[in-house]
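Here is the structure we will look at.
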Number of protein chains: 2
Amino acid sequence: MEQLGATIRSLRTRSGLSQRALALEAGVSNGTISLIENHKLDPTVGQLKKILTALNISMADFFESNNKPVEAHFFTAEELVEIGRGEISYKLISRSGADQKLQIMSETYAPGTDTGPTLLSHDGEEGGIIVSGALEVFVLNKKRTLGPGDAYQFPSHLPHRFRNTGTVECRLITACTPPSI
Amino acid sequence: MEQLGATIRSLRTRSGLSQRALALEAGVSNGTISLIENHKLDPTVGQLKKILTALNISMADFFESNNKPVEAHFFTAEELVEIGRGEISYKLISRSGADQKLQIMSETYAPGTDTGPTLLSHDGEEGGIIVSGALEVFVLNKKRTLGPGDAYQFPSHLPHRFRNTGTVECRLITACTPPSI
DNA sequence: CTTATTCGTTTAGTATATTGACCGAAGCTA
DNA sequence: TAGCTTCGGTCAATATACTAAACGAATAAG
């Protein structure tokens with residue numbers, strides 16, 4: 001209750017809306033907005049949902065607010081954590097504190113390498129951009145061959161597989177959220 | 001409202017709890033549980049939180065079930081959406097349906113370009129890897145000059161600025177979550 | 001100065017969420 | 001069979017969320 005009102009107020013003012021403007025758009029009364037912001041009210045989830053919809057934010061995102069990293073981190077090329085073995089190299093941007101939601105990697109696929117016939121599937125969402133070389137990407141029933149500058153994005157629960165059938169190594173940069181090691 | 005009650009019931013029965021047992025543990029009445037499960041009630045967020053706590057699940061996790069993208073998306077280099085103007089180019093991997101949480105961009109900074117003295121600050125978390133050239137990154141009170149293969153990551157609410165003081169263009173690939181346009 | 005507008009807060013009245021007791025059904029024991 | 005227990009659903013009474021209107025402060029225009 002404490003945090004909730006303050007967060008609503010923050011989101012509202014950041015959007016440049018008055019209490020009345022937000023109330024109008026959400027379909028609730030202005031008094032309700034005021035009372036919520038001042039912790040005088042425990043809104044129903046239906047009311048909260050209306051308000052968040054007007055603020056263009058989902059319930060999930062709204063309640064995800066409590067885990068915040070507080071510092072910037074820089075990495076030299078040598079400091080990137082090598083987590084791949086063999087012919088596929090994964091270099092990870094990673095802080096030790098495991099509260100990060102965003103995971104960015106520099107990946108290198110040697111010619112002929114493949115994540116294997118067993119399709120991958122896990123939580124989160126992922127995407128990437130090819131830097132050099134070419135890569136075959138299988139997702140669900142789709143297959144695409146991507147070249148430099150091409151990109152992909154999909155929810156990670158869809159079964160997927162990566163394969164380099166070319167003659168040169170393929171470098172790409174990928175990101176996924178949340179980190180799922 | 002529809003989905004909510006069904007989800008509560010599913011979580012409860014999966015835990016082997018009766019309505020009364022759950023009500024006792026959550027500190028609410030059994031009637032409340034029954035009415036919620038049958039979509040006769042729009043609970044307050046406080047009540048819902050009590051119930052979810054007894055079920056050992058967070059509000060964030062509870063509401064995260066509804067927003068699932070269902071397809072993989074591929075992009076050719078030409079299809080990337082150009083959202084930058086002038087000397088700084090931002091090319092965005094973007095689906096039209098705006099429910100994605102992950103935003104990946106290919107950015108190009110011409111020599112001498114700068115995001116400007118007014119520091120940027122917004123929600124989410126962001127990071128990137130330098131592909132070619134060099135880039136100065138300011139975050140809060142830190143400044144670093146990054147070269148090819150180097151990387152950074154920080155929460156986006158920290159004031160930040162990017163500048164290319166070199167003589168060649170700088171290319172990098174970045175990711176941020178959530179998208180905040 | 002007065003008038004008008006917009007802001008956030010407060011409040012009385014109304015709608016609704018919540019409680020606690022009760023109901024019938026189903027299972028179990030004697 | 002009767003008696004006991006536990007289940008989920010229902011309902012009158014109560015607590016509380018919600019609304020609509022009013023209030024005071026701040027700003028701007030005439």
Side-chain angles (χ1 to χ4, degrees), chain A residues 1-66 68, chain B residues 1-67 118 121-123 157 180:
Chain A
M1 313 308 92
E2 280 304 308
Q3 187 64 271
L4 191 146
T7 307
I8 293 285
R9 170 158 288 177
S10 169
L11 290 169
R12 175 178 62 82
T13 55
R14 202 174 312 171
S15 301
L17 293 172
S18 69
Q19 291 181 344
R20 279 178 168 81
L22 174 57
L24 182 65
E25 194 149 352
V28 303
S29 74
N30 55 315
T32 300
I33 305 289
S34 175
L35 292 169
I36 290 174
E37 289 187 353
N38 292 295
H39 323 117
K40 300 285 186 187
L41 206 65
D42 178 16
T44 65
V45 324
Q47 294 280 1
L48 179 60
K49 193 172 225 164
K50 286 189 204 170
I51 294 167
L52 294 185
T53 299
L55 288 169
N56 202 32
I57 183 174
S58 71
M59 295 286 272
D61 290 340
F62 181 79
F63 286 107
E64 246 170 25
S65 48
N66 290 2
K68 303 213 172 180
Chain B
M1 312 307 93
E2 280 305 307
Q3 187 65 270
L4 190 146
T7 307
I8 293 285
R9 169 159 289 176
S10 169
L11 290 169
R12 176 178 64 81
T13 55
R14 202 176 311 171
S15 301
L17 293 172
S18 69
Q19 290 181 346
R20 279 178 168 79
L22 173 58
L24 181 65
E25 194 150 352
V28 303
S29 75
N30 56 314
T32 300
I33 305 289
S34 176
L35 292 169
I36 291 174
E37 289 186 353
N38 292 296
H39 323 119
K40 299 287 186 185
L41 205 66
D42 178 16
T44 65
V45 323
Q47 295 281 357
L48 178 60
K49 193 173 226 166
K50 286 189 204 172
I51 294 167
L52 293 184
T53 299
L55 288 169
N56 201 32
I57 183 175
S58 73
M59 295 285 275
D61 289 340
F62 182 78
F63 285 108
E64 239 169 31
S65 44
N66 291 4
N67 20 342
T118 304
S121 180
H122 46 91
D123 277 341
H157 66 84
S180 54

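So that the names make sense, note that chain A is the first sequence line, chain B the second, and so on, each numbered from 1.
- In this structure, B/S29 and A/K40 both approach DNA chain C, and ranking their closest nucleotides by distance from the 5' end singles out A/K40.
- When the side chain to side chain donor-acceptor pair (under 3.5 Å) test is applied to A/E37, the partners found at least two apart in sequence or on another chain are A/R9, A/R12, A/Q19.
- Within the 4.0 Å cut-off from OP1 or OP2 of D/dG9, at least one side-chain nitrogen or oxygen of B/Q19 is found.
- Under the 3.5 Å distance criterion, the side-chain polar atoms of B/D42 are left unmatched by any main-chain donor or acceptor of A/T44.
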Check residues 20-29 of chain A and write down every donor-acceptor pair under 3.5 Å in which the side-chain atom is one partner and the other belongs to a residue at least two apart or another chain.
| unit_1 | atom_1 | unit_2 | atom_2 | d |
| --- | --- | --- | --- | --- |
| A/S29 | OG | A/T32 | N | 3.3 |
| A/S29 | OG | A/T32 | OG1 | 2.9 |

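- Evaluation of the side chain to side chain donor-acceptor pair (under 3.5 Å) rule for B/Q47 yields no partner, not counting sequence neighbours.
- The span of DNA chain C lying next to chain B, judged by atoms under 4.0 Å from heavy atoms, is bounded 5' to 3' by C/dA17 to C/dC22.
- Note: CD1 (A/I33) to C1' (D/dA17) measures 13 Å, nearest angstrom.
- We find that CG of A/L24 is positioned 17 Å from C1' of D/dC18, with the value rounded to whole Å.
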Discussion item. Could you walk me through whether B/I8 and B/L48 satisfy the side-chain contact (heavy atoms from CB on, under 4.5 Å) test, starting with their C-alpha distance in whole Å, then the side-chain angles of each, then the deciding distance to 0.1 Å, before giving a yes or no?
Written reply: CA-CA 9 Å; B/I8 293 285; B/L48 178 60; 3.9 Å; yes
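- Between the CG atom of B/L52 and the CE atom of B/M59 there is a distance of 6.0 Å, given to the nearest 0.5 Å.
- OP1 or OP2 of D/dG9 has at least one side-chain nitrogen or oxygen of B/R9 nearer than 4.0 Å.
- Counting any heavy atom pair closer than 4.0 Å across all strands shown, B/S18 reaches sugar-phosphate atoms only and no base atom.
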Item to complete: Let me have a per-nucleotide readout for nucleotides 22-27 of chain D, 5' to 3', with B, S or -, counting only protein heavy atoms under 4.0 Å.
Response: B-----
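- Mapping B/L17 and A/K50 onto DNA chain D by nearest heavy atom places B/L17 at the nucleotide closer to the 5' end.
- For B/S58, the side chain to side chain donor-acceptor pair (under 3.5 Å) test picks out B/D61, with sequence neighbours left out.
- For A/N56, the side-chain contact (heavy atoms from CB on, under 4.5 Å) criterion is met by no residue, not counting sequence neighbours.
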Practice prompt. Check the pair A/L55 / A/F62 against side-chain contact (heavy atoms from CB on, under 4.5 Å), numbers first and verdict last.
Written response: CA-CA 10 Å; A/L55 288 169; A/F62 181 79; over 6 Å; no
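- Shown here are the side chain to side chain donor-acceptor pair (under 3.5 Å) partners of A/S10, two or more places apart in sequence or in another chain: A/R14.
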Discussion item. What verdict does the side-chain contact (heavy atoms from CB on, under 4.5 Å) test give for B/N30 and B/S34, after you've listed the backbone C-alpha separation in whole Å, the side-chain angles of each residue and the deciding distance to 0.1 Å?
Written reply: CA-CA 6 Å; B/N30 56 314; B/S34 176; over 6 Å; no
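- Listed pair A/T32 / D/dT19 meets the phosphate criterion, a side-chain N or O lying under 4.0 Å from OP1 or OP2.
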Response to the item:
Heavy-atom contacts, protein to nucleotides 11-16 of chain D, under 4.0 Å, summarised as B (base), S (sugar-phosphate only) or - (none) per nt, yield ------
